[in-house]
Amino acid sequence: MKIKGSIALVTGANRGLGKAIVSALLEAGAGKVYAAARDERKVSADDSRVVPLTLDTTKTDQILACARKAADVTLLINNAGVLNSYNVLTTSQSEMDADFRTNVHGMLAMIKAFVPVLERAREGATVVNVLSLASLASVPTMGGYAASKAAAYSITQALRPELKSKQIDILAALPGPIDTDMVRALQLPKATTADTAMALLVGIERGEEDIFPDTMAQQMGALWNKSPKEFERAFARF
Ligand SMILES: NC(=O)c1ccc[n+]([C@@H]2O[C@H](COP(=O)([O-])OP(=O)(O)OC[C@H]3O[C@@H](n4cnc5c(N)ncnc54)[C@H](OP(=O)(O)O)[C@@H]3O)[C@@H](O)[C@H]2O)c1
């Protein structure tokens, strides 16, 4: 799909990658960007095309209110995510639940609410789920989070044929580490949010089902294509 003239909604748009995606969309000529955040006062709205929305993706009433207000969306970017659960033997049930609540159930609830909206788009519409390289094989030090991102990837695949029949594409973004609050403590090379957001839009325009938006993602994506087992072993060393 073309970003120019599109009407996008980005979740978790107040900081990190979501904020950079909003800027990249505006730069690329999006017609309107609904910037959804748990606290909409934290959204930068210095461009008249930005419409801030209050949205916690774990709250059904807020999701339904957004689907009513943003009834012209053609590009839904499910970016909101959390990282609470680490080693699967030591992480608590409530930490795992928190990751699944936002990363899996919140994402799916957004798609369910927005399918009727996206179906109305005359030239087809797109859903982008911001997942992770950890959707493809676990990083054991964040095994709970990885499990939530793997489940979200499986749901993305599950939705693809049905959404296709409604002229809606569904794409998975699979980044490596990005320089945001989420992984502030990790001592690893990280991509910038601006570069990741721009590469994400290129992948959307190309309609890539699996978007590998940064250098590490591209390298690891190539390894995954060649040998999922080697990919798993490489991630087990992180
Ligand atoms: N950073 C990385 O290395 C990396 C790598 C691969 C994938 N990702 C994925 O990229 C996405 C963006 O993450 P980030 O790195 O930008 O993280 P971040 O800096 O921690 O930002 C997370 C964003 O998600 C929002 N959010 C969290 N739970 C939410 C909920 N229930 N409802 C609505 N918004 C919610 C946060 O809002 P508040 O400000 O209200 O908390 C914040 O805007 C996530 O899906 C993450 O899993 C990140």
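Note that these values count all heavy atoms, side chains included, but never hydrogens, waters or copies made by symmetry. Fair warning: this is a prediction, and the values are worked out from it, not measured in the lab. Every number for a ligand or one of its atoms is a count from 1 in the order of the listing.
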Measure the distances from the heavy atoms of [X] to every atom of ligand 1 and state whether one is below 4.0 angstrom.
| X | result |
| --- | --- |
| Ala134 | no |
| Gly106 | no |
| Pro177 | yes |

What's the shortest distance from [atom] to any protein heavy atom, and which residue and atom give it?
| atom | answer |
| --- | --- |
| atom 22 (C) of ligand 1 | Gly81 O, 3.6 Å |
| atom 47 (O) of ligand 1 | Tyr145 OH, 2.7 Å |
| atom 16 (O) of ligand 1 | Leu17 N, 2.8 Å |
| atom 30 (C) of ligand 1 | Thr57 OG1, 3.5 Å |
| atom 1 (N) of ligand 1 | Thr180 OG1, 3.0 Å |

Using heavy-atom distances, let me know which of [options] sits nearest [atom].
| atom | options | answer |
| --- | --- | --- |
| atom 2 (C) of ligand 1 | Val43, Leu200, Ile178, Leu133 | Ile178 |
| atom 17 (O) of ligand 1 | Gln62, Arg15, Met182 | Met182 |
| atom 12 (C) of ligand 1 | Asn14, Thr11, Asn79 | Asn79 |
| atom 29 (C) of ligand 1 | Arg38, Lys19, Lys149 | Arg38 |
| atom 7 (C) of ligand 1 | Leu83, Leu131, Asp214 | Leu131 |

Exercise. Please state which part of Leu55 comes within less than 4.0 Å of ligand 1, counting heavy atoms only: side chain, backbone, both or neither.
Key: backbone

Practice problem: Report the residues that fulfil side-chain hydrogen bond (donor to acceptor under 3.5 Å, both in side chains) with Glu230, sequence neighbours left out, ordered by chain and then residue number. | Solution: none

Quiz item: Quick one: do the Tyr86 and Asp99 side chains pair a donor with an acceptor below 3.5 Å?
Solution: no

